[in-house]
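Note that the structure is a prediction, hence the values are computed from the model and not measured. Ligands are counted one by one from 1 in listed order, and the atoms in each one are counted from 1 as well. No hydrogens, no waters, no symmetry mates; every other heavy atom, side chains included, goes into these values.
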Amino acid sequence: MPPNDKRQTFYEDIRTRNLTPLWEVMRGLITPSPQSKCTSAIWHYSDVRGDVLASGELISAKEAERRVLILENPGMPGQSRITTSLYAGLQLILPGEIAPAHRHTQSALRFVMEGEGAYTAVDGERTTMHEGDFVITPSWTWHDHGNESDRPMIWLDGLDIPVLQFLDASFVEHWGEDEQPIQRQEGDSFHRFGQGLLPVDHSRRSHTSPIFNYPYNRTRDALDHLARTEAWDPCHGVKLRYVNPETGGHAMNTIAAFMQLLPKNFKSDPYRSTDASVYCVVEGNGRSSINDVAIEWGPRDIFVVPSWASISHITKEEAVLFSFSDRSMQQALGLWREDRKPDSN
Ligand code: 1HN
C-alpha cells in the first residue's frame with residue numbers, strides 16, 4: 001500500500017478511538033502570526049440608523065428584552081460577533097420604554113451614540129446617559145435601562161459574549177419586575193470613586209471598576225489638555241485608556257476601552273496589535289487605512305480592525321475616536337503584542 005494510503009487507513013482506524021494526528025493539523029494550529037477570520041469592516045451610521053429606528057416599529061424593548069441590531073463581522077456571518085472574541089450591537093430605547101432588569105455573566109459596555117437623558121441602572125444605582133459617555137455593566141450585575149426623555153436613544157453595546165461561549169460560563173437571571181429597586185442616589189459611585197480619592201477603609205468588592213459611567217465631558221477635557229501640552233504619539237495622537245481607579249488596570253477584566261484624539265492634519269504611523277479593535281467615531285471626519293484598504297469615516301461610524309492588521313489614520317480636522325478590544329484579557333495572560341512600524345503581515 002502507498003505510504004499515504006497507509007496513513008489514511010491509520011487515521012480512520014484511530015478516529016474510532018477519538019484520536020487524530022497532530023502533524024496533519026499542526027501548521028494551522030500554531031501559525032507564525034494571527035490568521036483571523038475577522039475582517040475589517042465599516043458601518044456608516046447614515047446607512048444603519050434607519051434600520052435601528054425601523055426595529056423600533058417592529059418590537060418593543062420589553063418584548064425584545066433588548067432591542068438590538070447586532071453588528072456582525074462579514075468574515076464570521078451567523079456568529080453574533082464583531083471580532084473573534086467580542087460582540088457588538090446597536091441598541092435602541094424609545095421614549096417611555098424600559099428594557100427589563102436582568103443579570104448575566106457576560107460583561108457589557110455601552111457607548112452612547114445618539115440621544116440624551118435615558119438612564120441605565122446597575123446594581124441599585126441609576127446613571128443618566130449623554131452622548132460620548134462610556135458606561136459599564138460588570139459581570140453578574142443587575143441592569144435595566146429606561147428612557148424618560150422625549151427622544152430615542154441609540155448606543156453601541158460591546159460584550160464579551162464569544163469569550164463566555166468559549167469558556168462555557170454563561171448564566172442569566174431575570175429580576176422578575178421591569179425595574180430593580182434603586183438603593184443609592186444618582187452619582188454616588190462617581191462621587192465616591194471618580195475623584196482621585198477612595199474612602200479610607202474601602203476594600204475592593206469586585207473585579208471591575210467601581211465607577212460605571214465615565215462621562216464624555218471629563219474625557220474630552222483630558223484629551224484636549226493633553227493635545228495641547230503633550231507630544232503627540234506618532235501612531236495614536238493622544239490616546240487614553242479607561243481605568244479602574246482601585247487598581248490602575250482596565251475598567252473591566254475582559255474588555256479594554258480607549259478614547260483618542262487625532263489632531264488636525266495628522267498623518268499617523270502605521271500600527272498593529274494583537275487585539276482586534278472596534279472603533280466608534282465621536283467627532284470629526286478622517287480616513288484610515290487598514291492593511292492598505294482605505295476607509296472614510298465621520299461621526300458615529302463604527303469600524304473594526306482585525307488582530308495584527310496594520311492601521312494608519314489621516315485627518316484634515318481634529319477627530320475623536322472611541323475604541324474597545326480584548327486587550328485587557330491578552331495583557332492579563334501575557335499575550336498582548338504591538339508593532340509600531342509594521343512593514344508586512
Ligand atoms: C444585554 O443584556 C444588553 O443589557 C445588551 O443592554 C446586549 C446582548 C446579548 C445578551 C445580553 C443590555 C446584549 C445583552
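If you check which protein heavy atom lies closest to atom 9 (C) of ligand 1, you get Ile161 CD1, 3.3 Å. Closest to atom 8 (C) of ligand 1, if we only count protein heavy atoms, is Tyr87 OH, 3.6 Å. Protein heavy atom at the shortest distance from atom 12 (C) of ligand 1 is Arg66 NE, 2.9 Å.
Outside the 6.0 Å centre-distance limit, the rings of Phe258 and His236 are not counted as a close aromatic pair. Ring to ring, Phe322 and Phe134 are close: their centroids are under 6.0 angstrom apart. Remark: aromatic rings of Trp297 and His44 are distant, center separation not under 6.0 Å.
Selection from Gln91, His145, His102 by nearest heavy atom to atom 2 (O) of ligand 1 gives His102.
Counting heavy atoms under 4.0 Å from ligand 1, residue Gln106 does not touch it at all. Only the side chain of Leu159 comes within contact range of ligand 1, with a heavy atom under 4.0 Å; no backbone atom does. When non-hydrogen atoms are compared, ligand 1 lies under 4.0 Å from neither the backbone nor the side chain of Glu65.
The two residues Thr208 and Arg204 have their closest heavy-atom pair at N-NH2, 4.4 Å.
In this pair, His102 and His143 present their aromatic rings perpendicular. The plane angle is above 60°, beyond the 30 to 60° band.
Near Arg110, meaning under 4.0 Å from any of its heavy atoms, are these atoms of ligand 1: 3 (C), 4 (O), 5 (C), 6 (O), 12 (C). Atoms of ligand 1 lying under 4.0 Å from any heavy atom of His104, numbered from 1 in the order shown and given with element: 1 (C), 2 (O), 11 (C).
In this structure, Arg126 is positioned above the aromatic face of Tyr119, its NZ or CZ under 6.0 Å from the six-membered ring centre and within 45° of the axis.
A salt bridge is absent between Lys264 and Glu318; no separation between the charged side-chain nitrogens and carboxylate oxygens falls under 4.0 Å.
Taking distance alone, with nitrogen or oxygen atoms compared against 3.5 Å, His143 approaches ligand 1 more closely than that limit.
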